[in-house]
Amino acid sequence: MNHTDDDIVCPLCGTHYSEAEGRKCYSGCPLQRGCQLLACPACGYEVPAPTRITRLLSRWLGKQVASR
Ligand SMILES: [Zn+2]
């Protein structure tokens, strides 16, 4: 469907969510707004916000999986 590169996939439950959604859910660092963590809206599992490198990596990994 609307699967974009901005999607984050929770490694725990597999839920897809956007970076904005993850930021909204993450409230562990009220004093540190620069904290680069996102939380899964479904299970609350925290993941580091995607950087350019992790995006490249997941794209590369996705390609590996897709080409099989
Ligand atoms: Zn999850």
Side-chain angles (χ1 to χ4, degrees):
M1 314 209 190
N2 278 337
H3 190 198
T4 67
D5 283 345
D6 283 341
D7 263 19
I8 291 137
V9 182
C10 173
L12 203 63
C13 70
T15 298
H16 289 242
Y17 57 97
S18 72
E19 198 172 322
E21 280 176 310
R23 272 192 212 290
K24 226 184 295 169
C25 288
Y26 184 71
S27 54
C29 295
L31 296 178
Q32 247 186 303
R33 300 195 64 200
C35 178
Q36 292 294 299
L37 279 176
L38 306 175
C40 171
C43 70
Y45 184 79
E46 289 162 14
V47 295
T51 62
R52 205 186 297 175
I53 287 170
T54 58
R55 263 176 213 183
L56 272 176
L57 246 182
S58 64
R59 196 172 304 169
W60 181 74
L61 287 173
K63 233 177 240 173
Q64 295 285 104
V65 172
S67 66
R68 281 185 58 99

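When a ligand or atom number is given, it counts from 1 through the structure's own listing order. The analysis underlying the following values was restricted to heavy atoms, covering all of them including side chains, and did not include hydrogens, waters or symmetry mates.
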At their closest point, which heavy atom of [X] faces which heavy atom of [Y], and how far apart are they?
| X | Y | answer |
| --- | --- | --- |
| Thr15 | Cys40 | CB-SG, 4.1 Å |
| Gly14 | Val9 | O-CG1, 3.9 Å |
| Leu38 | Arg23 | CD2-CG, 3.4 Å |
| Leu37 | Glu46 | CD1-OE1, 4.0 Å |

Separation between OH of Tyr17 and SG of Cys10, rounded to the nearest 0.5 Å: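 Taking OH in Tyr17 and SG in Cys10, the distance rounds to 5.5 Å.
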Distance criterion under 2.8 Å: protein N/O/S atoms around the Zn ion (ligand 1):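 Step by step: take the Zn ion (ligand 1), keep protein N, O, S below 2.8 Å, and you get 4.
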